[in-house]
Protein chains: 2
Amino acid sequence: MSLPHPNLDQISLANVLSVLGDQTRLAVVGYLARNEGVAMSCGQFSEFGSKTNLSYHLAKLREAGITRTEVSGTSRLISLRRDDLDSRFPGLLDSIITAAQDLPALERLRDDA
Amino acid sequence: MSLPHPNLDQISLANVLSVLGDQTRLAVVGYLARNEGVAMSCGQFSEFGSKTNLSYHLAKLREAGITRTEVSGTSRLISLRRDDLDSRFPGLLDSIITAAQDLPALERLRDDA
DNA sequence: TCCTTAGTTCAAAATATATTGAACTATTGA
DNA sequence: TCAATAGTTCAATATATTTTGAACTAAGGA
């Protein structure tokens, strides 16, 4: 009943970077960062893509070790693995989130970059 | 006689991350970081791939704004755009380089991750 | 001038990633 | 029990990225 997540030593730098090197996933992470503490389900991200496409991107984030997804009924509760990432790659997530927040919303979403 | 480089505001976060999300390019950046101040030509990176393949990867790094490539005779002198990246995305490159240095050399090179 | 060296370009092939819609599962509320 | 809701999976397609080798350019040195 719970989804697979990599443990700390299975989180790879190159994979984290390539997974975050995508506008949609960067937008999701920015949104999570802006709403830390609030329980986020997949539906909250609907502005970033179709249901089926988000399912794909959210799985990539989980499999890379960037997010944690807890099953709760028919919902999934998604959160950033901040502490894990901070201990594995100190400063990395903070600098990415800061840079992502500085982008205008449109650029965060824009796909044609 | 000089190659095109993006200027500061043309450097995009998603692009930097996706370009660095590759073992070969991460290895090149780690090597540059470990040898800052030393003039590096393409040939120095031969351990990371074939001549033609490196030409491709080094162009990606340059086009993303991560490296600067100066033409010098038949050679190219390649360096990290540290100050530019630091001002655009504070802390990002440092955290990536630190994390990349902590990897064992084999993992830095491994392609089957 | 001729040869060598350093690196680029091109086009083809291989591989990986992203997007879609239809069909599906599981939970929940009426 | 039935229908609705939340999300997943599958297979197909579309698209992008990587890798390769052969042919190329431009600069130096003998």
Side-chain angles (χ1 to χ4, degrees), chain A residues 1-5 12 14-29 31-32 38-64 66-79 109-113, chain B residues 1-5 12 14-29 31-32 38-64 66-79 109-113:
Chain A
M1 282 296 104
S2 85
L3 297 165
H5 291 80
S12 110
N15 193 232
V16 165
L17 296 176
S18 83
V19 164
L20 289 179
D22 170 279
Q23 298 289 156
T24 301
R25 291 186 295 249
L26 212 43
V28 166
V29 167
Y31 193 85
L32 284 171
V38 183
M40 284 292 160
S41 60
C42 304
Q44 318 279 137
F45 304 107
S46 61
E47 58 176 309
F48 303 126
S50 67
K51 200 162 97 157
T52 195
N53 192 222
L54 277 170
S55 187
Y56 168 77
H57 286 301
L58 291 170
K60 286 251 154 183
L61 286 166
R62 172 177 50 78
E63 289 160 8
I66 297 163
T67 55
R68 186 170 296 286
T69 302
E70 295 168 77
V71 176
S72 165
T74 61
S75 291
R76 308 289 180 264
L77 297 181
I78 296 153
S79 52
L109 270 172
R110 200 172 47 189
D111 276 350
D112 58 330
Chain B
M1 283 296 103
S2 84
L3 297 165
H5 290 79
S12 110
N15 194 232
V16 166
L17 296 177
S18 84
V19 165
L20 289 180
D22 171 279
Q23 298 289 156
T24 303
R25 292 185 295 249
L26 211 43
V28 166
V29 167
Y31 193 86
L32 284 170
V38 183
M40 284 290 158
S41 60
C42 304
Q44 319 277 138
F45 304 106
S46 61
E47 57 177 312
F48 303 126
S50 67
K51 199 162 97 157
T52 194
N53 192 223
L54 277 170
S55 188
Y56 167 78
H57 286 301
L58 291 170
K60 285 249 155 183
L61 286 166
R62 173 178 48 78
E63 289 161 7
I66 297 162
T67 55
R68 186 169 296 288
T69 302
E70 296 167 76
V71 176
S72 166
T74 62
S75 292
R76 309 288 180 266
L77 298 180
I78 297 153
S79 52
L109 269 172
R110 200 172 45 187
D111 276 349
D112 57 330

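Side-chain atoms are counted along with the backbone in the values below, which use heavy atoms only and exclude waters and symmetry mates. Reminder, nothing fancy here: chain letters follow the sequence lines and each chain counts from 1. Since we're looking at a predicted model, the values are computed, not measured.
- Positionally, the nearest nucleotide of DNA chain D for A:Leu54 lies more toward the 5' end than for the other of A:Leu54 and B:Gly73.
- Whole-Å rounding puts the A:Ile78 CD1 to D:dG7 C1' distance at 10 Å.
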Practice item. Could you give me the CA-CA distance, side-chain angles and deciding distance for A:Val28 and A:His57, then say whether side chain to side chain contact (heavy atoms under 4.5 Å, CB included) is met? Key: CA-CA 9 Å; A:Val28 166; A:His57 286 301; 5.8 Å; no
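- With sequence neighbours excluded, the residues satisfying salt bridge (charged side-chain N to carboxylate O under 4.0 Å, His left out) with A:Arg68 are A:Asp84.
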Is there any protein nitrogen or oxygen under 3.5 Å from a nitrogen or oxygen in nucleotides 14-18 of chain C, and what are the pairs?
| unit_1 | atom_1 | unit_2 | atom_2 | d |
| --- | --- | --- | --- | --- |
| C:dA18 | OP1 | A:Arg25 | NH1 | 3.4 |
| C:dA18 | OP1 | A:Arg25 | NH2 | 2.8 |
| C:dA18 | OP2 | A:Arg25 | NH1 | 3.3 |
| C:dA18 | OP2 | A:Tyr56 | OH | 2.4 |

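- Applying the side-chain hydrogen bond (donor to acceptor under 3.5 Å, both in side chains) test to B:Arg62 and every residue at least two apart in sequence or in another chain returns nothing.
- Residues that satisfy the ring pair (Phe, Tyr, Trp, His ring centres under 6.0 Å) test with A:Tyr31, not counting sequence neighbours, are A:Phe45, A:Phe48.
- A heavy-atom distance below 4.5 Å is not found between the side chains of B:Lys60 and B:Ile66.
- Scored by the side-chain contact (heavy atoms from CB on, under 4.5 Å) test, B:Ser50 finds B:Thr52, B:Asn53 as partners (sequence neighbours excluded).
- Counting heavy atoms from C-beta on, the side chains of B:Val29 and B:Leu20 come closer than 4.5 Å.
- Between A:Leu26 and B:Leu17 the shortest side-chain heavy-atom distance falls below 4.5 Å.
- For A:Asn15, the side-chain contact (heavy atoms from CB on, under 4.5 Å) partners are A:Ser12, A:Ser18, A:Val19, A:Ala64, not counting sequence neighbours.
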Filtered N/O pairs between nucleotides 21-25 of chain D and protein, under 3.5 Å:
| unit_1 | atom_1 | unit_2 | atom_2 | d |
| --- | --- | --- | --- | --- |
| D:dG21 | O6 | B:Thr52 | OG1 | 3.2 |

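- By the 4.5 Å heavy-atom criterion applied to side chains, A:Leu58 and A:Thr69 are not counted as neighbours.
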Which atom pairs link the protein and nucleotides 3-7 of chain C when you take only N or O atoms and keep those under 3.5 Å?
| unit_1 | atom_1 | unit_2 | atom_2 | d |
| --- | --- | --- | --- | --- |
| C:dA6 | O4' | B:Thr74 | OG1 | 3.2 |
| C:dG7 | OP1 | B:Cys42 | N | 2.9 |
| C:dG7 | OP2 | B:Gly43 | N | 3.0 |
| C:dG7 | N7 | B:Lys51 | NZ | 2.2 |

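- D:dT19 atom P lies 14 Å from atom CZ of B:Phe48, rounded to whole Å.
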